[in-house]
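We use all heavy atoms of the structure for the numbers below, so side chains are in, but hydrogens, waters and symmetry mates are not.
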Amino acid sequence: MFKIFRMRGFLASSIGVTCAAALALPLTAPAAATTTTTTGAATAAARTAGAAAAGPAGAAASRSLAGSTRSLAGSTQSLALEPVAPASRDRVLGAVPEEGLYRGKVHRFSMVGVAWADPRRALDGRVQVRTRSVGTGAWTGWQDIETHNADHGADPGTAEAASGRRRGGTAPLWTGDSDGVQVRVRPGGSGRPAAPLPAGLRLELVDPGGEDAPPDDSATQEDAEEDTRIGVVDAEATAAEADADLAPLGAKAIPALDRTETERELYDLRGDELTEQQRAKPYIGPRPRIVTRRGWGADEGLREKGFVYTHQVKAAFVHHTVTGNKYTCAQAPSVIRGIYRYHVVSMGWRDIGYNFLVDKCGTIYEGRAGGVAEPVLGAHTLGFNTDSMGIAVIGTFTKSKPSTAAVEAVAKLTAWKLGLYGGNPSGKTYLKSGGGNLYRKGKNVRLNVISGHRDGFATECPGRLLYGKLGTARSTAAHYQGRR
């Protein structure tokens, strides 16, 4: 049967729906631009008390932008964008209004995005940024930020979707360690009327904080004592307890199991719910190694307390994070901390939206809190979050191929997690739509058990080249389950 966390009920959540768009940047700083900076310790109170008045970061202690030191707890700088003089003239539209920002010196950051007030609004246009490297002092060229981010978030009509903390926004972009930024946002496109830009545009600069090190598979007494000293033991212990049947409390990674050990664990976890056929022949892949939230350095004080569960896991939706491919495998935990902070602090979600993440080296990471073996309700595929899980491969795969290791990791993860619930990775299943731009609310939709994000919502995600690898992931996962 499910552990006690499954019995805590379907708690209210606040996962936002985000839309991304494009901006245009001036080369001089608007004098009226305002800044709000939020660090880890102040975030939970700031989200509930002052988000509406002070922007997506909330009313928290401010920090000088002149500083260049990195906060181990992480931080978010939220900078208001201002209208600027048009940088160019379109032949058809004439002068196009733009908004932007220039800051030659800001608190160090490694991830950037643009957010705005109304989560229901899309940004019809183009967002581009340039950043300055801390290591070299050189400015990058202009980089596009993915603007179509409205396909993530809680299903319409749910408590999560009704949260008043949600904001609209682009996808976040990983920049590496940076201390200067330019952004430009331009509405519309050549040959068509430009819709007004959303109100309340703000540049979000995320410092993921922490220090990355390869997580081991154990917890030590020194770890527990350190947690007690810094006052995070309660929040972290609650998250760790959700995986208590799989690894010791405080473990930084859940170790891999062989097939025999995995089948034994299946009986322990879900013995009362298995069919006679599953008991006779449990099709399940060996449990892969999974880095826990503690392992990638999640600040448990950021997210909402408690966990939210769906009923089962019938399908897996594969995504790409659209954060770019310029990260090393050692930086992957920092990228995840950045996405987590962006989802919660900048977008107003209750936790990171994905259930799992996979890096280019094939390492699997726990996403949304609640237990890796449990049916945790995520915010990854708008309209199809119920009875599914979301797996995000870190990177952008519209023009770049995913690594073989990443595709293999998706296969291993789905073979195990779908196997816990009797799912056939190479089969089909039905999910009821919660409402979206492809299927009306309440429609039963036949989908691949391993689907791409675009199968449930009209989006480019998970990118053409990753989507093309899902057939390989399906057949490999089925092989790991012993089906072929």
Side-chain angles (χ1 to χ4, degrees), residues 1-11 238-249 251 253-290 292-293 306-317 354-356 364-378 380 384-391 409-432 447-451 474 477-483:
M1 69 185 89
F2 296 135
K3 300 193 297 291
I4 189 171
F5 294 93
R6 178 76 189 280
M7 305 306 294
R8 291 184 176 179
F10 291 73
L11 305 179
T238 301
E241 285 170 9
D243 291 317
D245 288 345
L246 311 182
L249 291 178
I254 297 170
L257 297 180
D258 63 24
R259 178 174 297 279
T260 300
E261 293 170 324
T262 301
E263 290 180 359
R264 186 180 304 119
E265 178 183 76
L266 172 64
Y267 298 137
D268 292 339
L269 293 176
R270 302 198 62 238
D272 294 344
E273 301 174 44
L274 297 178
T275 65
E276 289 300 322
Q277 183 178 5
Q278 287 174 313
R279 289 177 180 276
K281 180 61 176 178
Y283 289 109
I284 185 169
R287 188 182 77 193
R289 180 179 181 272
I290 302 172
T292 64
R293 289 171 65 90
F307 309 129
V308 184
Y309 298 101
T310 183
H311 305 89
Q312 57 183 318
V313 180
K314 297 172 61 178
F317 287 96
Y354 310 113
N355 297 104
F356 297 93
I364 301 169
Y365 301 86
E366 178 182 14
R368 179 161 289 204
V372 297
E374 301 295 335
V376 178
L377 182 66
H380 48 83
F384 290 99
N385 291 306
T386 298
D387 293 343
S388 72
M389 67 174 178
I391 303 169
V410 170
K412 289 180 177 179
L413 175 59
T414 52
W416 171 69
K417 184 64 181 279
L418 291 171
L420 288 174
Y421 298 87
N424 180 354
S426 60
K428 303 276 189 178
T429 191
Y430 281 92
L431 293 178
K432 182 176 290 188
L447 296 163
N448 287 310
V449 170
I450 299 178
S451 286
R474 294 183 191 110
H479 170 74
Y480 281 131
Q481 284 193 349
R483 294 181 182 271

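Under a 3.5 Å cut-off, the side chain of Asn355 and the backbone N or O of Gly367 do not form any donor-acceptor pair. In this structure, Glu261 contributes its side chain and Asp258 its backbone to a donor-acceptor pair below 3.5 Å.
Listed by chain and residue number, Glu265 satisfy the side chain to side chain donor-acceptor pair (under 3.5 Å) test with Arg287 (two or more places apart in sequence, or in another chain). Arg483 is linked by a side chain to side chain contact (heavy atoms under 4.5 Å, CB included) to Tyr283, Asn424, Pro425, Ala478, Gln481, counting only residues two or more places apart in sequence or in another chain. Under the rule for a side chain to side chain contact (heavy atoms under 4.5 Å, CB included), the partners of Ser451 that lie at least two apart in sequence or sit in another chain are Phe317, Leu447, Asn448, Asp455.
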request  = Give the intermediate values and the outcome of side chain to side chain contact (heavy atoms under 4.5 Å, CB included) for residues Thr310 and Asn385.
outcome  = CA-CA 8 Å; Thr310 183; Asn385 291 306; over 6 Å; no
task = Given side chain to side chain contact (heavy atoms under 4.5 Å, CB included), test Met389 with Thr414 step by step and report yes or no.
result = CA-CA 10 Å; Met389 67 174 178; Thr414 52; 4.0 Å; yes
inquiry  = Determine whether Leu418 and Val313 satisfy the following criterion, side chain to side chain contact (heavy atoms under 4.5 Å, CB included), listing intermediate values before the conclusion.
reply    = CA-CA 6 Å; Leu418 291 171; Val313 180; 4.0 Å; yes
request  = Would you sort out whether Tyr421 and Lys314 count as a side chain to side chain contact (heavy atoms under 4.5 Å, CB included), showing the intermediate values?
outcome  = CA-CA 7 Å; Tyr421 298 87; Lys314 297 172 61 178; over 6 Å; no
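Here the shortest heavy-atom pairing between Gln278 and Glu273 reads OE1-O, 4.2 Å. Considering all non-hydrogen atoms of both residues, Tyr309 and Gly370 come closest at OH-O, 2.7 Å. Closest of all the heavy-atom pairs between Gly482 and Arg259 is N-NH2, 4.1 Å. A pairwise comparison of heavy atoms in Ala253 and Ala247 identifies O-CB, 4.4 Å as the closest pair. In terms of heavy atoms, His380 sits closest to Tyr354 at CB-CD2, 4.1 Å. The two atoms that bring Tyr480 and Ala415 nearest to each other are CB-CB, 3.7 Å, heavy atoms only.
Within the 4.5 Å cutoff, the side chain of Ile391 has no heavy atoms near those of the Lys417 side chain.
Separation of atoms OG1 (Thr429) and CG (Asp387) is listed at 8.5 Å; rounding is to 0.5 Å. With values rounded to the nearest 0.5 angstrom, Arg289 atom CZ is found 10.0 Å from Ile364 atom CD1. Between Leu377 atom CG and Arg368 atom CZ the span is 7.0 Å, to the nearest 0.5 Å. In this structure, CD1 on Ile290 lies 5.0 Å from CZ on Phe356, to the nearest 0.5 angstrom. Put simply, OG1 on Thr292 and CG on Leu246 are 11.0 Å apart, with the number rounded to the nearest 0.5 Å. For the atom pair CD1 (Ile284) and OG1 (Thr262), the distance works out to 6.0 Å, reported to the nearest 0.5 Å.
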